[in-house]
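Reading through the structure tokens given below for one structure.
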Amino acid sequence: MPSMPLGLQIMQMHDTAREGDQERLLVNTKYNIPFFFSHSNLSKYLDECIDFLLKVNFTLSPLSRAVVLDTAFVNPDGGVGKCIEADLRQEHAVGNKKVLIRQLGANKSEKAMERATGSADAICHAVEALNKSLNIKEGSDRHSSSLTEEALNRGRVVVRKLRPFGKIHGRECLGFNGIKPSPFQKVTKTSLLSRIDKIRSRLQLGIVPQATESDTSDSDNDTEN
């Protein structure tokens with residue numbers, strides 16, 4: 001998939017979340033459909049986009065539609081342009097509770113977990129403030145570090161020799177031939193409409209879509225991040 005249209009779409013979604021723009025939320029959801037369809041026609045995210053649009057535009061009452069759109073974003077800290085996704089906020093809250101539950105060790109009762117996680121968000125904010133005052137950086141579980149100046153200089157020398165942006169006769173990347181400038185050029189209108197109609201029919205029957213292998217790996221990566 002081309003990186004530039006995808007990068008622009010991610011920037012658009014990030015700006016929509018920061019502003020809490022409900023109208024652009026619907027536009028972004030529609031624009032995400034060809035991205036997910038070009039990735040896999042069995043993508044569960046494609047089903048979720050179509051399900052969301054059908055409910056918001058057709059099946060929900062005006063009051064329920066307003067509630068769904070109003071609660072899509074939250075602004076816990078206040079201020080202009082500081083909204084975040086409501087489900088992302090919920091994931092962070094669940095993550096804070098899991099940290100406290102792990103600290104209880106083995107043989108913990110359900111009542112003990114309820115008491116420990118009752119103020120998980122407040123405890124998390126207190127720990128973050130303490131670490132910031134003591135200049136303690138949060139440990140990372142990824143084995144990565146910034147490159148040294150010496151390593152950057154060696155990389156520059158190698159790149160200059162390769163001349164990646166200079167045209168050299170006979171040099172080509174075979175994978176580039178299969179990359180379309182836009183996901184809209186990778187899919188056909190007929191195949192997309194046929195897939196949308198099948199998803200709509202399945203949603204009417206109340207059948208929950210099954211996650212594909214690629215969707216499962218993407219979800220795992222999102223959870224780790």
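Positions are given from 1, in the same order as the sequence printed here.
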**Study point:** ILVMFWY network linking Val74 to Val80, side-chain heavy atoms under 4.5 angstrom
**Key:** no

Practice item. Give me the other members of the hydrophobic cluster that Ile123 sits in, counting Ile, Leu, Val, Met, Phe, Trp and Tyr linked by side-chain heavy atoms under 4.5 Å, directly or via other members. Key: Leu100, Val127

Revision key, fill the gap. Between Gln9 and Tyr31 the two heavy atoms that sit nearest each other are OE1-CD2, 3.1 Å

Study note, to complete from the structure: Only one of Glu150, Arg154, Glu149 passes side chain to side chain contact (heavy atoms under 4.5 Å, CB included) with Leu152, and that residue is Glu149

Check your understanding: Atom CG in Asp15, atom CD1 in Ile10: separation rounded to 0.5 Å?
Key -> 14.0 Å

Exercise for review: Show your working on side-chain contact (heavy atoms from CB on, under 4.5 Å) between Leu192 and Lys189 and close with a plain yes or no.
Suggested key: CA-CA 5 Å; Leu192 179 58; Lys189 183 179 179 179; 5.8 Å; no

Check your understanding: Would you call Gln22 and Thr16 a side-chain contact if the rule is heavy atoms closer than 4.5 Å?
Key -> no

Point to revise | Donor-acceptor contact present, side-chain Ser194 to main-chain Thr190, <3.5 Å | key: no

Review point. Ser119 side chain to Ala122 main-chain N or O, any donor-acceptor pair under 3.5 Å?
Key: no

Study note, to complete from the structure: Closest heavy-atom pair, Ser43 versus Phe36, reported as atoms and distance to 0.1 Å, is CB-O, 3.9 Å

Review point. Got a second to check how far Tyr45's OH is from Asp51's CG, nearest 0.5 Å?
Key: 15.0 Å

Exercise for review: Flag yes if more than 12 heavy atoms outside Lys108 fall under 6.0 Å of its NZ atom; otherwise flag no.
Suggested key: yes

**Study point:** For Leu69 against Phe52, the heavy-atom pair lying closest together
**Key:** CD2-CZ, 4.2 Å

Check your understanding: Would you say the side chains of Gln12 and Asn28 form a donor-acceptor pair under 3.5 Å?
Key -> no

**Study point:** Asn135 side chain vs Asn131 backbone, donor-acceptor pair below 3.5 Å
**Key:** no

Review point. Would you call Asp121 and Lys97 a salt bridge, using N to O less than 4.0 angstrom?
Key: no

Exercise for review: Would you check if the side chain of Arg195 reaches a backbone N or O of Asn41 as a donor-acceptor pair within less than 3.5 Å?
Suggested key: yes

Check your understanding: Quick one: does Ile33's side chain get under 4.5 Å of Leu53's, heavy atoms only?
Key -> yes

Review point. Would Phe58 end up clustered with Leu60 when hydrophobic side chains under 4.5 Å apart are linked, directly or stepwise?
Key: yes

**Study point:** Cluster check Val99, Val94: I/L/V/M/F/W/Y, side chain < 4.5 angstrom
**Key:** no

Exercise for review: Please answer: with hydrophobic residues joined when any side-chain heavy atoms are less than 4.5 Å apart, are Leu193 and Leu54 in the same cluster?
Suggested key: no

Exercise for review: Determine whether Val159 and Val157 fall in the same hydrophobic cluster, where Ile, Leu, Val, Met, Phe, Trp and Tyr are linked whenever their side-chain heavy atoms lie under 4.5 Å apart.
Suggested key: no

**Study point:** Working for side-chain contact (heavy atoms from CB on, under 4.5 Å), residues Phe73 and Leu25
**Key:** CA-CA 10 Å; Phe73 305 104; Leu25 171 62; 4.1 Å; yes

Check your understanding: Any chance CD of Glu110 has more than 12 other-residue heavy atoms, nucleotides or ligands included, within less than 6.0 Å?
Key -> no

Review point. What's the spacing between Ile84 CD1 and Asn75 CG if we round to 0.5 Å?
Key: 8.5 Å

**Study point:** Heavy-atom closest pair, residues Ala86 and Thr71
**Key:** CB-O, 3.1 Å

Practice item. Evaluate the side-chain proximity of Glu19 to Cys83: yes if any heavy-atom separation is below 4.5 Å, no if none is. Key: no

**Study point:** Point-to-point distance, once rounded to the nearest 0.5 Å, from CG of Asn57 to CG of Leu26
**Key:** 6.0 Å

Review point. Which pair of heavy atoms, one from Met13 and one from Asn32, lies closest together, and at what distance?
Key: SD-ND2, 3.4 Å

Review point. Do any N or O atoms from the side chain of Ser109 and from the backbone of Ala112 form a donor-acceptor pair under 3.5 angstrom?
Key: yes

Exercise for review: Provide the closest heavy-atom pair for Asn96 versus Cys124 in the form atom of the first, atom of the second, distance.
Suggested key: OD1-SG, 3.4 Å

Practice item. List the steps and the verdict of side-chain contact (heavy atoms from CB on, under 4.5 Å) for Val68 and Lys55. Key: CA-CA 10 Å; Val68 169; Lys55 289 179 178 178; over 6 Å; no

Review point. With a 4.5 Å heavy-atom cut-off, do Arg115 and Lys111 have their side chains touching?
Key: yes

**Study point:** Lys132 vs Glu128, side-chain contact (heavy atoms from CB on, under 4.5 Å): CA-CA, chis, key distance, verdict
**Key:** CA-CA 6 Å; Lys132 185 177 181 179; Glu128 289 178 356; over 6 Å; no

Check your understanding: Could you state the interatomic distance from CZ (Phe37) to CD1 (Ile196), rounded to the nearest 0.5 Å?
Key -> 8.0 Å

Point to revise | Check: Gly81 main-chain N/O paired with Arg18 side-chain donor or acceptor under 3.5 Å | key: yes

Practice item. Consider only side-chain N and O atoms of Ser61 and Ser64, and report whether a donor and an acceptor are under 3.5 Å apart. Key: yes

Check your understanding: Quick one: CZ on Arg156 to CG on Asn153, what's the gap to the nearest 0.5 Å?
Key -> 5.0 Å

**Study point:** Heavy-atom check, side chain of Glu48 versus side chain of Thr29, under 4.5 Å
**Key:** no

Check your understanding: Salt bridge check: are Asp197 and Arg200 linked by an N-O gap of less than 4.0 Å?
Key -> yes

